[in-house]
Number of protein chains: 2
Amino acid sequence: MDFDQTYKGPYCPLTQIALAGSNAMNLKQLSEILGLSQTTVSRALNGYPEVAERTRLRVQHAAQKHNYQPNIGAQRLARGRSMTIGHVIPLSTQHEMVNPVFADFIAGAGERYSACGYDMKLTIVDDQNEEDIYRDLKSRGSVDGIIVHGPLMNDPRIPLLQELDLPFVVHGRASDIETPYCWVDVNNASAFQRAGEFLLSLGHRRIGLINGLEHMDFAHRRRAGLVAALEAAGITPNPDYLHAGEMTEINGHNAMKAMLALDTPPTAVVVASFIAALGVRRALDEAGLRMARDVSVITFDDDLSYLRNGDSIPIFTATRSSVRQAGRLSADLLISHIENPTAAPEHKLLEADLIIGSSTGPVPQE
Amino acid sequence: MDFDQTYKGPYCPLTQIALAGSNAMNLKQLSEILGLSQTTVSRALNGYPEVAERTRLRVQHAAQKHNYQPNIGAQRLARGRSMTIGHVIPLSTQHEMVNPVFADFIAGAGERYSACGYDMKLTIVDDQNEEDIYRDLKSRGSVDGIIVHGPLMNDPRIPLLQELDLPFVVHGRASDIETPYCWVDVNNASAFQRAGEFLLSLGHRRIGLINGLEHMDFAHRRRAGLVAALEAAGITPNPDYLHAGEMTEINGHNAMKAMLALDTPPTAVVVASFIAALGVRRALDEAGLRMARDVSVITFDDDLSYLRNGDSIPIFTATRSSVRQAGRLSADLLISHIENPTAAPEHKLLEADLIIGSSTGPVPQE
DNA sequence: CGCGCCATTCAAAGCGCTTTGGATCTGTTT
DNA sequence: AAACAGATCCAAAGCGCTTTGAATGGCGCG
């Protein structure tokens, strides 16, 4: 814990902030208007059974009429719960990419939070002290639970959160962690295995991979899946065909370009992200090659709202799984575990669809 | 206001939630350990001057040692402030795109919030009742201020927030609103005017526009800027060359494809987003045309972390302005107005850079 | 009639923090 | 020496809600 350099608490003689006299209607006022006790009004609004139905209706109408909303800080304090779920987004200065998948995941999760009365709190953490953030979140009572994004193969956040006894759901998994915990993940291995098998069935034997950073768990599994398909077909993966890096358009482009420069380039590639696949297409265009005819491409497609894979006919053959849906499921799972803390950890494994588009075709004749 | 269908308050006989006995260290305990009053401990930690420096150090050490963090709900209640800034993301079911720019903006703003001791609260609102959300936020004291995303030309949120007396900063502007308010915006008009002038200087006369939805303020201004450049050169914009739609890869592709099918297609296009520009490139590739040589392309580039415009040589000629930086500036502006509520509204107009890349060239000979 | 039993309602005690309005103790001033 | 000022510290009163434990009133029943 460090006492922040830039924020020193409420003492600020220069800009004396008028402590907002909260002009909003409060419980006391409302109960006086109604000629009822605060207890009864509170219970009426919170659905307790020991209040007469007539009274409840009267209270609800009055609340609506006077635009009463319980103060959230007071509720948090009194209930000992924050009704808030935290998302921590690490953003080191080296690796300062915001995961493009993030916005859609959040949108899915946020839908469910709203429906269940939870708030979403986002924390952008730009240094190494991510651990401190979690400890803080716990000890200040800022959140009732946490979503863990972008797990590594042996992610230290998982044991930490377990130790802190803060409910959490991982979006993804951590292969090297044995103890049970809650997660929601796509079956990355099977998706890429099927992609590989599909390419093999088209006659491809020289199959490349443009993967995400392989200390990320999802990338590790995708590689394993593809390699499994190749090896099952008696093919030893060619190291020159295996690329891993941040999943940007540029990296996709550069990786494809590098492979095209080989003596015997692959006839097909599997790409770990739609954005990288756009870069692959650019590299092919620059080389005067056409997708499907010259090089087959399969991409993973997170079904992002702003990057749809074509309207009617898909542009790319793809393994598709909606990350927004994963957001919804993660939110529901977390909420259910917050409200039922003794339940055993649960998880959900989603299967990606293999969508046939116009970026794959039979292996070209030599 | 409506009492949510799905969430009925704390009464839930089935899943009796153990009200977390908040095992964390609190102020009372800490003050007892130190043999001081809660007052003094609180003041010591909050930087008040009337506590002896020796005492302050002793308190800080003890706080650190016992891992004391003030409970956030209690602080909110006592201070009458939430130290939270709200971002409301509308997401109607028809128009269910998550703005791809959003993640980077949030990352920029979040950096500043963390540095200044504020939390960020995201609300995804999927129906029409966005107005209720703002009223709620105000009357529950959930947030101290709000960032308004994606303003329309005459955005009803602005007068609403003014009426509610809730500090806010608009990311963008609303052309039709006269009353002053805080905003941070790129000079969209000047950016697209310069883009137009640059194309004119290369000899282009048939210049197209692939714009965002033109009820969005930014899109309206971009169009105005481009049209101004054309008209200044004595060119009346051809309606067939003016497209507006959601800024997706597919729409960019379709708009370009439509223009290429004209008897006299444009020799250059200005595109309102990088993602749409990728679609434009695809349309050109499919038509066997090359960027720069056959058709010049200029795009607006928000400098998204996951969509960089090339590493060394930019792929596209572009008007560039970092949306992440806009996030930082918006956050700083909002915080300064929250802490100094009487200050007159301020705003910041950012100029985009015109970056010359390899997607533009002289007009082809007929 | 007197008793117990629901069904309702309420007063008051927190939740953990900030802040007001002194109190106490030095040291300084007249 | 009395009075005052400044530097520290404190007890207690909130902030607005939830929840405990008890009171109230109506009603049926022996």
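Numbers restart at 1 for each chain; the letters A, B, ... are given by sequence-line order, proteins then strands.
- In terms of phosphate contacts, Asn26(B) brings no side-chain nitrogen or oxygen within less than 4.0 Å of OP1 or OP2 of dC15(C).
- In this structure, the side chain of Asn129(A) does not engage the main chain of Asp132(A) through any donor-acceptor pair within 3.5 Å.
- Within the 4.5 Å cutoff, the side chain of Tyr68(B) has no heavy atoms near those of the Ile33(B) side chain.
- Side chains of Gln69(B) and Arg135(A): no donor on one and acceptor on the other come within 3.5 Å.
- For the pair Thr84(A) (side chain) and Ser82(A) (backbone), a donor-acceptor distance under 3.5 Å is present.
- Taking atom CZ of Arg76(B) as the reference point, atom C1' of dC15(C) lies 15 Å away to the nearest angstrom.
- Side chain of Asp136(A) to main chain of Ile133(A): no donor-acceptor pair is present (N/O by atom type, distance under 3.5 Å, no hydrogens or angles).
- Atom C1' of nucleotide dT24(D) and atom CD of Glu50(A) are separated by 15 Å, given to the nearest angstrom.
- In this structure, Met25(B) atom CE and dC17(C) atom P are separated by 10 Å, rounded to whole Å.
- For Gln75(B) and dG16(D), the CD to C1' distance is 16 Å, given to the nearest whole Å.
- Residue Asn71(A) places no side-chain N or O under 4.0 Å from the OP1 or OP2 atom of dC15(D).
- Within the 3.5 Å criterion, the main-chain N or O of Arg56(A) finds no donor-acceptor partner in the side chain of His61(A).
- Atom CZ in Arg81(B) sits about 10 Å away from atom P in dT19(C), given to the nearest Å.
- The nearest pair of heavy atoms linking Ile124(A) to Gly110(B) is CG1-CA, 3.6 Å.
- Heavy-atom nearest nucleotides on DNA chain D were determined for Leu27(A) and for Arg43(A), and the one closer to the 5' end corresponds to Leu27(A).
- Using a 4.0 Å cut-off, no side-chain N or O of Tyr68(B) falls inside it from OP1 or OP2 of dG16(C).
- Where Glu53(B) and Leu77(B) meet DNA chain D, the nucleotide closest to each residue was compared, and Glu53(B) sits on the side nearer the 5' end.
- A sub-4.0 Å separation between OP1 or OP2 of dC9(D) and a side-chain N or O of Tyr48(B) is absent.
- Within residues 31-40 of chain B, the residues approached by DNA chain C to less than 4.0 Å at the level of any non-hydrogen atom are Gln38(B), Thr39(B), in residue-number order.
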